[in-house]
Amino acid sequence: MPELFEIMESCRAMRRLKPDPVPDELIAKVLRAGLYAPNGGNNQKWRFLVVKDPKIKKAVQVIYKKAYDEVIGPRYSSSAPPPGSDAEKYRRQHAAVEYLTDHYHEAPVWIVACLEDGAAPNRMSGSSIYPAVQNMILACRALGLGTTLTTRHMIFEKEADAALGLPEGVHSYAILPIGYPMGKFGPVGRGAMKEFVYQDKWGQPFAALP
């Protein structure tokens, strides 16, 4: 198994997944990693819905594609490449996003990360679920499974949560489509640290950087 920093450095978003089944034992390990994560007050208001039912996944995929057609697709077509990328890499990323959009429901397993956060969650709520999501993403990478953090369904969150059968007062914050990757893990594309890291004053370089 790769060591932690190698896992983080090579944890690419895997949007093309094989339809091969994933053993429940591996999914259980991924979920256990999620439960190790920090959360507000250790209240553990998180809930994780494992979805394998094709009908449920297809119902959500329709919403996911609607969000692509109305919001995400136009954004990709009009945006410049992000830091650490270029026009060709960005084109390939967009193609992978389109592929996932069309095949979202074909991922063998989904883990839907939810919170019991009541009727009006605030901006702090995500701090009690996204660390668990990241732990599960890293666990997938360590186990040779592909996944990617998806939140697009939240553009139409009421429709998506209803399709997932979530009760009142529970909201989904992410869906991890999980399967064996078609591609290979490799270096993630990011900009240089000096573009993002400051010291003491906004825009002032961190002294430890070259």
Residue pair Lys55 / Asp53: nearest heavy atoms and the distance that separates them: N-OD1, 2.8 Å
Heavy-atom closest contact (Pro21 atom, Pro108 atom, distance): CA-CB, 4.4 Å
Parallel, tilted or perpendicular, as decided by the 30° and 60° cut-offs, for the rings of Tyr198 and Trp202: perpendicular
More than 12 heavy atoms of other residues, nucleotides or ligands under 6.0 Å from [atom1] of [X]: is that the case?
X	atom1	answer
Lys58	NZ	yes
Met182	CE	yes
Phe196	CZ	yes

Atom pair [atom1] ([X]) and [atom2] ([Y]), whose distance is rounded to the nearest 0.5 Å:
X	Y	atom1	atom2	result
Ile137	Ile111	CD1	CD1	10.0 Å
Lys45	Asn39	NZ	CG	10.5 Å
Thr147	Met14	OG1	CE	10.5 Å
Tyr68	Asp102	OH	CG	8.5 Å
Glu116	Ile129	CD	CD1	11.0 Å
Phe48	Cys114	CZ	SG	8.5 Å

Set of residues satisfying ring pair (Phe, Tyr, Trp, His ring centres under 6.0 Å) with respect to [X], sequence neighbours excluded:
X	value
Phe206	none
Tyr36	none
Tyr104	Tyr64, Trp110

ILVMFWY network linking [X] to [Y], side-chain heavy atoms under 4.5 angstrom:
X	Y	value
Val60	Leu149	no
Phe185	Tyr180	no
Leu35	Leu143	yes
Met136	Val109	yes
Ile63	Ile72	yes

Taking the side chain as C-beta and beyond, is there a heavy-atom pair between [X] and [Y] under 4.5 Å?
X	Y	value
Ile27	Ile178	yes
Leu176	Cys140	no
Pro181	Leu145	no
Leu115	Tyr173	yes
Glu106	Pro19	no
Leu26	Val30	no

Are any side-chain N or O atoms of [X] and backbone N or O atoms of [Y], one a donor and one an acceptor, separated by less than 3.5 Å?
X	Y	answer
Arg190	Pro187	no
Thr101	Lys65	no
Asn43	Gly40	yes
Gln204	Gln199	yes
Lys57	Ala107	yes
Glu70	Ala67	no

With Pro38 via side-chain contact (heavy atoms from CB on, under 4.5 Å) - residues at least two apart: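 Checked Pro38 against side-chain contact (heavy atoms from CB on, under 4.5 Å); matches are Pro131.
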Under-4.0 Å salt bridge between Arg92 and Glu88: yes
Solution key, residues 153-170 side-chain donor-acceptor pairs under 3.5 Å, sequence neighbours excluded:
unit_1	atom_1	unit_2	atom_2	d
His153	NE2	Ser172	OG	2.9
Glu159	OE2	Lys66	NZ	3.3
Asp161	OD1	Ser172	OG	2.5

Residue pairs involving residues 5-24 (criterion side chain to side chain donor-acceptor pair (under 3.5 Å); sequence neighbours excluded): Ser10-Arg141, Asp24-Lys52
